[in-house]
Amino acid sequence: MTARIHRRFLATAERVAPPLKAALIRVGRIGPPEPRRRSLACFLARAVVGQQLSTIAARSIWARVEAAARASGCGIPGFFAARHARRLRACGLSRAKVRTLIAIREAHEAGRLSARRLRRMSHAERSAVLRTIHGIGQWTADMAGIFYF
């Protein structure tokens with residue numbers, strides 16, 4: 001958001017609800033999230049971990065996964081390996097989700113998750129590629145198309 005728009009929000013909030021203005025000042029100017037801060041593998045992993053969970057539960061489990069990865073000296077997606085399956089399960093992940101995370105790491109290491117290459121594809125082509133990864137379905141491929149690409 002531009003500084004001009006933020007000032008307009010503050011002026012409007014002051015007229016409508018002064019506590020809202022105070023909250024807007026505390027939060028500061030906001031903007032859209034940076035979709036490419038994470039690798040595609042990390043984006044997909046985060047999407048899989050959060051599926052069929054409340055936002056709070058998903059954040060909690062993902063925080064445990066990140067902490068376990070750091071503790072092991074591995075990054076994400078490197079931590080997603082069979083040798084870490086027990087630790088991933090201890091974070092609160094189902095066997096199916098662990099299997100999918102391992103498949104994401106394998107696809108990443110095989111070069112099948114090149115964001116540069118996938119970005120040049122149509123949504124349908126990209127979805128077809130992503131769906132070849134065990135546990136990645138149409139919904140996850142669509143989320144990647146909308147929020148990552």
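Since this is a predicted model, take the numbers as computed values, not measurements. Every heavy atom of this structure was used, including side-chain atoms; hydrogens, water molecules and symmetry mates were not.
F149 approaches L40 most closely through the heavy-atom pair CZ-CD2, 3.8 Å. The shortest non-hydrogen separation linking F43 to M143 is CZ-O, 3.7 Å. In plain terms, the two heavy atoms of R131 and A141 that are nearest each other are CG-CB, 4.4 Å. Contact record, L130 with A144: CD1-CB, 4.0 Å, taken as the closest heavy-atom pair. Contact detail for S94 and R89: the closest heavy-atom pair is CA-NH1, 3.3 Å. A pairwise comparison of heavy atoms in V49 and A58 identifies CG1-O, 4.2 Å as the closest pair.
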Item to complete: Check the pair L53 / W62 against side chain to side chain contact (heavy atoms under 4.5 Å, CB included), numbers first and verdict last.
Response: CA-CA 11 Å; L53 297 174; W62 185 251; over 6 Å; no

Practice prompt. Show your working on side chain to side chain contact (heavy atoms under 4.5 Å, CB included) between V48 and L93 and close with a plain yes or no.
Written response: CA-CA 10 Å; V48 167; L93 296 171; over 6 Å; no

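A distance-only check finds no donor-acceptor pair linking the side chain of T140 to the backbone of I136 [under 3.5 Å]. Although no hydrogens or angles enter the test, the distance criterion places no donor-acceptor pair under 3.5 Å between the side chain of Y148 and the main chain of L44. Side-chain atoms of E125 come within 3.5 Å of backbone N or O of S122 as a donor-acceptor pair. K97 places no side-chain N or O within 3.5 Å of a backbone atom of G135 that could act as its donor or acceptor partner. Listed for the R126 side chain is a donor-acceptor partner under 3.5 Å among the backbone atoms of L118. Side-chain atoms of K21 do not come within 3.5 Å of backbone N or O of A13 as any donor-acceptor pair. The main-chain N or O of A3 is never found under 3.5 Å from a side-chain atom of R8 such that the two would form a donor-acceptor pair. With S114 contributing its side chain and G111 its backbone, the two residues share no donor-acceptor pair below 3.5 Å. For T12 (side chain) and F9 (main-chain N/O), no donor-acceptor pair under 3.5 Å exists by modelled atom type.
Here the CZ-CZ distance, from R46 to F147, works out to 12.5 Å after rounding to the nearest 0.5 Å.
Looking at heavy atoms from C-beta onward, R87 lies in side-chain contact with F79 at the 4.5 angstrom threshold. Looking only at side-chain heavy atoms (C-beta outward), L113 and S39 stay at 4.5 Å or farther from each other.
Using a 3.5 Å distance cut-off with no hydrogens or angles, the side chains of R64 and S60 do pair a donor with an acceptor.
Within a 6.0 Å sphere centred on CZ of R59, heavy atoms belonging to other residues, nucleotides or ligands number 12 at most. Enclosure of atom CD1 in I56 is not indicated, since only 12 or fewer non-hydrogen atoms of other residues, nucleotides or ligands lie within 6.0 angstrom.
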